[in-house]
Amino acid sequence: MPLDQYFEASKYEQAIYERWESSGAFRADVDSDRPAFTISMPPPNATGTLHLGHAVGMALEDVMIRWRRMAGDEVLWLPGTDHAAIATESVVIRNLQKEGMADPRHELGRDGLVAKIAEFVEQSRGTIRSQIRALGASCDWSRERYTMDATLNRAVNATFARMFRDGLIYRGLRIINWDPHLKTTVADDEIETKERPAKLYTMRYGPFLVATSRPETKLGDTAVAVHPDDERWQEHIGKTYEITWPQGPTIHVRVVADQAVDPETGTGALGVTPAHSAIDFEIAERHGLPLVQVIDEDGRMTAAAGERYQGMTVEECRAAFVADLDAAGLLAGAEDYIQPTPICYRSKQVIEPLPKAQWFVDVNKPVVPWKGQTLSIRQVLRDVIADGDIQLLPKHEEKTYFHWIDNLRDWCISRQIWWGHRIPVWYRGEEDLYVGHRSPEGAGWEQDPDTLDTWFSSALWTWSTLIDPELAEAHPELSLRELLARSPDVARFHPTSVMETGYDILFFWIARMILMTTYMVGEVPFHTVYMHGLILDRDGDKMSKSKPETAIDPQATIADHGADVLRMSLVLGNAPGKDLKLSEERLVGVKRLINKLWNAGKLVERTVGEHPTALPATIEHPINQWMMARLDGLVDLIDRRFGDWAFGDGAELIRTAFWSEFCDVYLEAIKVPPLAGSAETAAVTHHAYLTYLKLFHPFMPYVTEVLWREMGGEDMLIGAPWPAIDPAHRYPEAGEAVDAVVRAIGAIRSVRAEQGLEPKVKIEVAIHPTAHRDVFEACAPVVERLVRAGSLELLDSAAGTDEPGTAVAVDAAFEVAVRLGQADREAEKQRLEKQLEQDRKRLGGLEKRLADENFLTRAKPIAVEKAKSDAEALRATIQAAEERLATLG
RNA sequence: GGGAGGUUAGCUCAGCGGUGAGAGCACCUGCCUUACACGCAGGGGGUCGCGGGUUCAAAUCCCACACCUCCCACCA
């Protein structure tokens with residue numbers, strides 16, 4: 001069936017995806033004896049929609065997966081979704097509020113709200129699934145997982161319990177990051193620092209001057225700290241002062257000496273607010289200072305702040321307190337100041353440090369068995385990268401990673417929201433505490449109200465998803481260790497091969513997967529981490545709805561141009577860690593490539609005819625040989641680029657080879673007899689085209705699959721073997737010779753254009769090959785056609801090119817002459833002179849270098865050899881051109 | 001304040017010690033040549049950020065500087 005004029009993606013995509021899926025091509029076979037290649041899909045938010053960040057990741061993952069599948073690996077790409085605790089809960093609460101429910105938490109209660117959220121997730125999770133499908137992702141849907149699956153919950157609870165028993169998880173009173181908007185704690189890594197203009201106030205404070213950008217917290221001060229060696233304050237150390245604020249409470253501050261104080265900063269005297277500053281809290285712990293909380297969980301002042309300020313927001317209190325201080329003459333100064341303010345990365349609201357008892361993961365306790373040692377989490381995290389057990393791409397991210405580890409503090413894992421894995425800890429009375437993966441027997445137990453940080457469950461993703469859910473359900477009594485040991489997928493597909501994700505979640509997720517997996521499973525979660533960059537708009541800004549003219553919507557792109565266009569646009573030229581600017585022009589460029597591939601298919605279809613033949617035992621025609629040699633070179637090159645994870649670069653190379661070698665040279669050449677109409681040509685054309693389809697397939701699966709079927713490829717392309725070099729068809733010599741012919745064609749075309757010879761004018765051409773005469777002879781009809789020659793003569797010597805009425809071009813492998821007829825000989829002279837000038841200049845450079853004793857003795861022999869042969873060739877070219885000029889007069 | 005990456009043609013980028021610096025897009029000229037005008041052929045265009053240094057040889061390595069981007073930092 002002849003191909004349509006243009007490829008219309010929407011006509012084919014859905015049906016092809018269904019054929020792939022129903023054929024079982026996506027499903028991993030745990031029993032095969034092929035080497036395993038595994039990717040755990042980073043689970044998108046179950047209630048989300050696909051954005052370009054997902055799209056670039058999935059496109060890259062699918063490239064890897066399809067490549068390895070064709071290359072013969074047993075591939076598993078495990079898809080799934082995340083319950084995204086904070087994000088999902090706040091969306092549902094907002095929706096309920098829009099529907100008129102003032103306080104959903106209060107009105108529905110815990111069970112009611114959780115049920116509502118689960119219902120919402122169930123309803124909306126289909127969207128992301130169908131969008132992943134539309135992209136063409138060849139993932140194993142039979143193994144789809146969700147971070148709230150029963151099996152995963154069991155893994156979470158068992159992990160918590162084991163860490164608790166090992167002392168890696170503890171409950172402690174700390175200054176935590178409290179988000180008064182979301183009403184929950186957040187981890188240190190979930191904080192962004194935003195610089196905001198503020199004032200740095202200096203206030204009189206007993207005998208001291210104290211600087212602060214947060215005067216309102218001074219209502220809760222219990223000490224003044226100075227550096228132990230600071231001479232200015234020696235007499236005060238150890239004393240306690242009573243300070244009565246103008247309109248507020250009276251506080252008692254002890255003067256303590258502490259190394260943490262920098263004498264150079266501020267006034268050198270630090271007002272210590274243990275309840276609202278982590279550093280002050282630590283000072284307070286060291287000196288046994290009391291803790292007075294003046295800000296509550298709503299971000300308002302408490303009773304301890306005094307009657308006047310109680311109930312004010314932090315901002316209101318700051319303004320009021322400063323005014324009061326000023327009125328009382330206690331304000332010594334106020335200067336402009338850029339204040340680094342902690343912001344929650346989710347809610348974008350200001351974080352309030354508050355003292356609260358929370359659950360933490362201890363990163364310094366040495367209880368993790370690793371390579372025969374017992375290490376701390378921090379040490380294992382460092383070792384797996386330092387030892388090369390895990391490779392980070394791009395490599396420079398290792399430095400960022402080590403820097404993060406050096407500054408790592410205990411990880412706060414408890415959250416005060418309701419949606420998520422509930423902390424598996426039960427209390428009974430004051431004394432009894434139970435930790436386990438199932439609720440304890442007996443009456444009177446109360447479960448901890450908090451839930452776990454989403455990243456706690458995500459951190460188990462690579463292996464918790466491989467546990468056999470049926471086994472887990474049938475055997476609730478099995479320990480996690482036994483479940484892992486008895487789940488076939490775990491042994492077969494873990495550790496995974498690659499983790500492909502954005503570099504922005506290196507700490508949130510990558511590091512925590514390493515942390516949890518080394519501890520729980522005793523192996524790394526993956527061998528390679530491929531981190532893609534951000535997708536930006538054409539101006540290099542983040543795409544946003546406020547800039548619709550440059551934003552690109554993945555769904556609309558798939559609908560308008562097809563999934564292949566979107567995928568290839570995101571991958572072409574992309575490299576680990578590199579941000580990519582995506583624009584309409586980029587999409588159009590890929591669209592043209594697909595159009596070219598499609599149209600080449602039409603010509604191939606015509607050339608191959610109804611009955612494609614297999615490659616003959618030997619291939620005779622040099623151009624056919626050349627095509628085979630080019631394919632070999634390309635396949636070899638691509639294997640090496642892909643092996644180095646350079647998929648974007650590989651895609652460029654395939655594109656260039658396909659367009660400039662196959663289309664521009666080969667497909668033009670085979671229109672001419674005797675290549676045209678020969679069975680050998682049909683076979684080579686078919687073989688070459690199918691090879692390009694295979695190479696393109698990981699990037700553009702849909703259009704290549706359509707063309708594969710149209711070209712009579714066997715079964716489906718998704719399961720076809722990756723191209724390999726066939727030792728029976730190696731023609732290295734043909735490459736060089738036909739390259740010379742191609743250069744000759746270019747030289748004649750240049751002469752044609754420079755002499756202003758109209759395309760309709762048939763020119764008379766003579767070629768004197770100085771090498772590869774037989775190949776030139778075999779290719780003569782092709783040359784004749786591609787340069788639109790009326791006649792073509794092959795000469796045995798340069799003699800024929802001496803005639804005055806010709807234009808000549810010279811190369812190391814040939815001289816070509818174009819009979820000019822009426823054309824301007826002066827133009828020819830000028831062209832030659834220009835060429836001569838360039839050649840002489842270059843020869844001059846080479847000769848200078850060759851005369852340099854230092855170069856001859858110190859340079860690598862191969863460099864000297866190349867310089868010599870280049871000079872040789874140039875001299876011949878120059879001499880021929882000079883003779884030619886002489887005959888022109 | 002600490003750290004990382006970048007600066008090559010009008011734009012997006014490749015090249016990362018071997019010597020005439022490349023691609024795509026854009027531009028110019030000519031072509032609807034029976035696969036493709038989403039195309040074909042030819043062509044113009046670059047002090048490789050600035051200044052030093054190492055080397056027979058530097059866009060490529062080293063040092064300093066300038067500018068851009070990003071990450072980290074307990075808010076005196």
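We name chains A, B, ... by the order of the sequence lines, and we start the count at 1 in each one. Values reported hereafter were calculated over all heavy atoms of this structure, with side chains retained and with hydrogens, waters and symmetry mates removed.
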Ranking B/rA73, B/rA76, B/rG5 by distance to the side chain of A/T193, first place goes to B/rA73

Is A/S750 near enough to B/rG43 that one of its side-chain N or O atoms lies under 4.0 angstrom from OP1 or OP2? yes

For A/H561, report the nucleic acid contact type (base, sugar-phosphate, nothing); a contact means any heavy atom under 4.0 Å. nothing

Judged by atom type as modelled, is there a donor-acceptor pair below 3.5 Å linking the side chain of A/T341 to the main-chain atoms of A/Q339? yes

Inter- and intrachain pairs under salt bridge (Lys or Arg N to Asp or Glu O under 4.0 Å), touching residues 645-672 of chain A, at least two apart: A/R630-A/E661, A/R641-A/D649, A/E668-A/K671

Are more than 12 heavy atoms, taken from residues, nucleotides or ligands other than A/E872, located less than 6.0 Å from that residue's CD atom? no

State the CG-CZ distance between A/N599 and A/F7, to the nearest 0.5 angstrom. 12.5 Å

Find the distance between CG (A/L597) and CZ (A/F662) and round it off to the nearest 0.5 Å. 9.5 Å

What integer distance in Å separates A/L587:CG from B/rU12:P? 17 Å

Check: residues 845-856 of chain A side-chain donor-acceptor pairs under 3.5 Å, at least two apart:
residue : atom : partner : partner atom : Å
A/E847  : OE2  : A/R875  : NE           : 3.3
A/E847  : OE2  : A/R875  : NH2          : 3.4
A/D852  : OD1  : A/N854  : N            : 2.8

Between B/rG1 and B/rG17, how far apart are the two C1' atoms, rounded to whole Å? 37 Å

What integer number of Å spans the P atoms of B/rC62 and B/rC70? 25 Å

Taking the nucleotide of RNA chain B with the closest heavy atom to each, which residue, A/K866 or A/W404, is nearer the 5' end? A/K866

Touch check for A/A260, heavy atoms < 4.0 angstrom, all strands: base, sugar-phosphate only, or nothing? base

Suppose you measure atom C1' in B/rG15 against the same atom in B/rG22; what distance do you get, rounded to whole Å? 7 Å

Short side-chain N/O contact from A/K578 to OP1 or OP2 of B/rA14, under 4.0 Å: yes

Could you work out the separation of B/rU19 and B/rA59 based on their P atoms and round it to a whole Å? 11 Å

Report the distance from atom CZ of A/R849 to atom C1' of B/rG20, rounded to the nearest whole Å. 10 Å

Write down the distance between CZ (A/R538) and P (B/rA26), rounded to a whole number of angstrom. 13 Å

B/rC74, OP1 or OP2 - any side-chain N/O from A/R409 closer than 4.0 Å? yes

Main-chain N/O of A/G533 paired to A/D579 side chain as donor or acceptor, under 3.5 Å: no

Taking B/rG49 as the reference, what is the distance to B/rU7 when you measure between their P atoms (whole Å, please)? 8 Å

Symbol by symbol from the 5' end, with Watson-Crick or G-U pairs under 3.5 Å, [ ] crossing and | another strand, RNA chain B is ((((((((.[[[[.)..(...]]]].(((((.......))))).....[.[[[..)....]]].])))))))....

Can you identify which nucleotide, out of B/rC74, B/rU12, B/rG5, has its nearest atom closest to the A/H396 side chain? B/rG5

Could you work out, with side chain to side chain donor-acceptor pair (under 3.5 Å) as the rule, every residue matching A/W645, not counting sequence neighbours? none

Pick base, sugar-phosphate or nothing for A/L846, based on heavy-atom distances below 4.0 Å to the nucleic acid. nothing

Expected string for nucleotides 28-40 of chain B under the B/S/- scheme (protein heavy atoms, under 4.0 Å, primed atoms plus P, OP1, OP2 as sugar-phosphate) is ----SBSBB-BSS

Rounded to the Å, how far apart are A/R586 CZ and B/rA23 C1'? 12 Å

Taking the nucleotide of RNA chain B with the closest heavy atom to each, which residue, A/A575 or A/A863, is nearer the 5' end? A/A575

With heavy atoms under 4.0 Å as the rule, sort A/T341 into base, sugar-phosphate or nothing. nothing

A/D406 CG to B/rG2 C1', straight-line distance once rounded to whole Å: 12 Å

Begin with the C-alpha distance, continue with both residues' side-chain angles, and end with the deciding distance and a verdict on salt bridge (Lys or Arg N to Asp or Glu O under 4.0 Å) for A/K395 and A/E398. CA-CA 6 Å; A/K395 189 166 167 49; A/E398 287 183 4; 3.2 Å; yes

Just to be sure I understand the rule, does A/A859 reach a base, reach only the sugar-phosphate, or reach nothing, if contact means heavy atoms closer than 4.0 Å? base

Please classify the nucleic acid contact of A/E585 as base, sugar-phosphate, or nothing, using heavy-atom distances under 4.0 Å. nothing

Starting at atom CD of A/E584, determine the distance to atom P of B/rU12, rounded to an integer number of angstrom. 18 Å

Please report the distance separating the P of B/rG6 from the corresponding atom of B/rA57, rounded so that it comes out in whole Å. 26 Å

Pick the P atom in B/rC40 and in B/rG18, then give their distance to the nearest Å. 33 Å

Find the distance between CD (A/E584) and CG (A/D537) and round it off to the nearest 0.5 Å. 12.5 Å

Using a 4.0 Å heavy-atom cut-off, does A/P394 contact any base of the nucleic acid, only the sugar-phosphate backbone, or nothing at all? nothing

Any A/S277 side-chain N or O less than 4.0 Å from OP1/OP2 of B/rC75: no

Among all residues two or more places apart in sequence or in another chain, which pass the side chain to side chain contact (heavy atoms under 4.5 Å, CB included) test with A/P180? A/W178, A/E352

Starting from P on B/rC74, measure out to CG on A/D410 and report it in whole angstrom. 15 Å

In whole Å, I'd like the distance from the CG atom of A/D262 to the P atom of B/rA73. 20 Å

Interatomic distance, A/W598 atom CH2 to A/K596 atom NZ [nearest 0.5 angstrom]: 15.5 Å

Give me the distance, rounded to whole Å, that separates B/rC63 from B/rG3 when you measure between the P atoms they each carry. 14 Å

